[in-house]
Amino acid sequence: MAGTDNAPSDTPGTAPEEPAPLLELRDGLPPVVDTPEALAKTADLLAGGTGPVAIDAERASGYRYSARAYLVQLRREGSGTALIDPIAFDDLAVVNEALADAEWILHAATQDLPCLTELGLRPATLFDTELAGRLLGYPRVGLATLVETIVGRRMRKEHSAVDWSSRPLPEPWLEYAALDVEVLLELREALGAELEDTGKAEWARQEFAHLVNAAPSAPRQDPWRRTSGMHRARGRRALAAVRELWETRDAIAAQRDVTPGRVIPDSAIVEAANAMPRDRATLLGLKGFRGRGAERYANQWVDALRTARGLDDDALPPVTARYDGPPPPRAWADRDPAAAARLSTARTALKDRADELGLPVENLLTPDYVRRLMWEPPEVDESELTASLMARLRDLGAREWQIDVALPLLTQAITRPHTPAPSATSAPDHDAATASDEA
C-alpha cells in the first residue's frame, strides 16, 4: 500500500536511516501584508501567477473563543508566498477576485474553509491533500507525514499550538506558517498523479466538489453534553446544573473571546453540579472548583446553580441526548435482531470492499448513512429496492462513486443478511470523525 512511514531500519547490524532534510523557504520570508496598499499589490501578484494556489490559515485554537483566522498564507507559481494579516482588513475580497477560478490546494479543507469564508475567500474548485491521502490509503495523513513520505522533507512542528492572535507575530512563527504552503503545490502534483494512476481521480473530484458546495454545518445539538467527565454527574438535576454552568461559561467566553476552558475547566463544572453549593463561599471552597474565572465570576456560577435547582422535574434534561437517527448499534440485537443482522452484514461487506480498494471504510461510505438505511430500509418490493436505496443515499449526501461501490453491498445486506455473531453488535462503531464524514 502506498504511503509507508520513513521509520528507521530495525534490521540488526544496519545503521538507522538518516532523517529527511528539513524543508526550507525557497524565496526567504516575505513581509506580513497589513496595509491596503500591500494587500492590493499582493492581489495583483496572485492574479499574475499561474496554476493552482496553495492556501492555509492559522487560528488561535485553545486561546480564543472564535474560530477566526489570524494569518492567511498563500503561494502560487509566479507569485511567490504571501502572508496576510486578516485582522488589518474588513475582508479579503480583493484576493478572492484575484484568484478567480484558480484551484485551491488545502490540507484538511473542512478546518480552514469556514474561517476563510468569513473573510470573503471562497474557492471555485479545490484539492484537499489530506482527503486525497485518505482515498489513496495512506495510513497517516497529517501534512508533515505526507510531506516527509512523498516529498522527502521534514517540516517543523514546534509552533503548531501557539497563540496566533498575539501581535506582533515572531519571525520563527511566520517562517513556520510560510512553510505550510511552501510544499503544497508539489504535494498536490504527486497526489494528483497517484489518484490518476490508481483510478481514483474521479472519486477525488467528486469529494472535492462536495466540499466546495457543502452547506455550513448546523449548530451542534446540546453542545453542553460534550463536557468532559459529564458521565460523573449524578442524576438529571446535576445534568441541569452542568447545562446551566456550561451555558454561563460559554456566554462569558464568547464575550471575552477566550476559549471556555480558560474561564473554568470542565472538571470544575462537574464538581459544582454534583455538590450544588448555594452560596459563593461554599462554591469557592470546593477542592476542584478552580480556574481563572472561578472567583471572578462566582456570583454568575451561583446564579446558574440556583436556576438548575429551581427547575421543575419535567424541565430537567434527559439522561441521554435526543437523536433523530437510530439507536446505538449495541442495542440493536435486543430491539431489532433483523436490523442487527443487516447492519453486521453491511459493515463486514463494506469493510472488506474498502480494504480491497485501499481506503478507510468511513471514506467509502459515512457510517451514519449505513446505520440509517439498515435500521429502516425502504419498504418497497425487492425489484424496487436498488432504486429506492440509491435515492436515499443521494438524499443523505453520498457521492456517486460511493453509491456505485456501496449500493450492491447494501442491497445484499437487506435482502440476504447473515446472522451476526453474539458480539457483532457490541463491536466498536466505525464513526471516525474525518474530513470526509463532515463533508
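Here the structure is a predicted model, which is why all the values come from computation and not from measurement.
Atom CH2 of W246 sits about 14.5 Å away from atom CG of L239, to the nearest 0.5 Å. The distance from the CG atom of L409 to the CG atom of D352 is 9.0 Å, given to the nearest 0.5 Å. Separating the CD1 atom in I105 from the CG atom in L185 is a distance of 4.5 Å, to the nearest 0.5 Å. The NZ atom of K200 lies 13.0 Å from the CZ atom of R134; values are rounded to the nearest 0.5 Å. For the atom pair CG of L136 and CD1 of I150, the computed distance is 7.5 Å after rounding to the nearest 0.5 Å. Put simply, CG on L407 and CZ on R392 are 12.5 Å apart, with the number rounded to the nearest 0.5 Å.
Between Y70 and R64, some side-chain heavy-atom pair lies under the 4.5 Å cut-off. Within the 4.5 Å cutoff, no side-chain heavy atoms of R153 are placed close to those of L179. With a 4.5 Å cut-off on side-chain heavy atoms, Y369 and L410 do not count as touching. With contacts defined as side-chain heavy-atom distances shorter than 4.5 Å, the pair I264/Y297 does not qualify. Using a 4.5 Å cut-off on side-chain heavy atoms (C-beta onward), T110 and L131 make no contact. Proximity of R220 to R226: side-chain heavy atoms (C-beta onward) are separated by under 4.5 Å at one or more points. In this structure, L106 and L116 have side chains that are in contact, with non-hydrogen atoms separated by less than 4.5 Å. Put simply, the side chain of Y65 reaches to within 4.5 Å of the side chain of D250, judged on heavy atoms.
With D27 contributing its side chain and T81 its backbone, the two residues share no donor-acceptor pair below 3.5 Å. Judged by distance alone, with hydrogens and angles left aside, the side-chain atoms of E271 form a donor-acceptor pair with the main-chain N or O of G288 at under 3.5 Å. Between the W104 side chain and the A124 main chain, no donor and acceptor come within less than 3.5 Å of each other. Using modelled atom types, one side-chain atom of H107 and one backbone atom of V141 make a donor-acceptor pair closer than 3.5 Å. Looking at R122, its side chain never comes within 3.5 Å of a backbone N or O of V212 through a donor-acceptor pair. Judged by distance alone, with hydrogens and angles left aside, the side-chain atoms of R59 form a donor-acceptor pair with the main-chain N or O of Q111 at under 3.5 Å. Within the 3.5 Å criterion, the main-chain N or O of L316 finds a donor-acceptor partner in the side chain of R236. The backbone N or O of E130 sits less than 3.5 Å from a side-chain atom of D128, completing a donor-acceptor pair. Side-chain N or O atoms of R75 include none that pairs as donor or acceptor with a backbone N or O of A54 at under 3.5 Å. Using modelled atom types, one side-chain atom of N274 and one backbone atom of R234 make a donor-acceptor pair closer than 3.5 Å.
Atom CZ of R309 is surrounded by more than 12 heavy atoms from other residues, nucleotides or ligands within 6.0 Å. Heavy-atom neighbours of R280 CZ from other residues, nucleotides or ligands within 6.0 Å: above the threshold of 12. Within 6.0 Å of CD on E171 lie no more than 12 heavy atoms contributed by other residues, nucleotides or ligands. For E376, the CD atom sits in a loose shell: 12 or fewer heavy atoms of surrounding residues, nucleotides or ligands are nearer than 6.0 Å. For CD of E400, the number of neighbouring non-hydrogen atoms (other residues, nucleotides, ligands) closer than 6.0 Å is greater than 12. Within a 6.0 Å radius of CD in E247, more than 12 heavy atoms belonging to other residues, nucleotides or ligands are found. Counting heavy-atom neighbours within 6.0 Å of D90 CG, excluding the residue itself, gives a total of 12 or less. For D395, the CG atom sits in a packed shell: over 12 heavy atoms of surrounding residues, nucleotides or ligands are nearer than 6.0 Å.
Salt-bridge annotation for R76 and E103: absent, with no side-chain N of the basic residue lying under 4.0 Å from a carboxylate O of the acidic one. The existence of a salt bridge linking R205 and E196 is confirmed by a sub-4.0 Å separation between a basic side-chain nitrogen and an acidic carboxylate oxygen.
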Apply salt bridge (Lys or Arg N to Asp or Glu O under 4.0 Å) to the pair E244 and R237, showing each step before the final yes or no. CA-CA 11 Å; E244 298 300 326; R237 184 74 57 183; over 6 Å; no
Might you work through the salt bridge (Lys or Arg N to Asp or Glu O under 4.0 Å) test for K41 and D44, ending with a clear yes or no? CA-CA 5 Å; K41 181 178 179 180; D44 288 343; over 6 Å; no
Audit row: L143, D56, side-chain contact (heavy atoms from CB on, under 4.5 Å) steps and yes/no: CA-CA 12 Å; L143 180 59; D56 188 31; over 6 Å; no
Walk me through it: do T145 and Y138 pass the test side-chain contact (heavy atoms from CB on, under 4.5 Å)? CA-CA 10 Å; T145 301; Y138 282 85; over 6 Å; no
So S166 and W173, side-chain contact (heavy atoms from CB on, under 4.5 Å) or not? Walk me through it. CA-CA 11 Å; S166 62; W173 297 14; 3.4 Å; yes
Go through the steps to decide whether L99 and L46 satisfy the test side-chain contact (heavy atoms from CB on, under 4.5 Å), and finish with yes or no. CA-CA 7 Å; L99 296 174; L46 289 168; 4.1 Å; yes
Mind running salt bridge (Lys or Arg N to Asp or Glu O under 4.0 Å) on D266 and R249 for me, showing each step along the way? CA-CA 10 Å; D266 285 4; R249 182 185 67 172; 2.9 Å; yes
Please walk me through it: do E186 and R26 pass salt bridge (Lys or Arg N to Asp or Glu O under 4.0 Å)? CA-CA 13 Å; E186 185 177 354; R26 301 174 191 175; 3.5 Å; yes
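Considering every non-hydrogen atom in both H210 and G397, the closest pair reads CE1-O, 3.8 Å. In terms of heavy atoms, P265 sits closest to R290 at CD-O, 2.9 Å. Of all heavy-atom pairs between W401 and E207, the closest is NE1-OE2, 2.9 Å. L283 and W301 make their closest contact through CD2-CB, 3.6 Å (heavy atoms, listed as atom of the first residue, atom of the second, distance). Closest approach of A69 to I87, counting heavy atoms only: O-CD1, 4.0 Å. Residue A177 comes nearest to W164 through the heavy atom pair CB-CH2, 3.9 Å, listed as atom of the first residue, atom of the second, then distance.
Y176 and E58 share no donor-acceptor pair across their side chains, judged by distance under 3.5 Å alone.
Each of L92, L119, D34 was scored for a side chain to side chain contact (heavy atoms under 4.5 Å, CB included) with I84, with one residue passing: L92. Between L74 and the choices V33, V95, L45, the side chain to side chain contact (heavy atoms under 4.5 Å, CB included) rule is met once, by V95.
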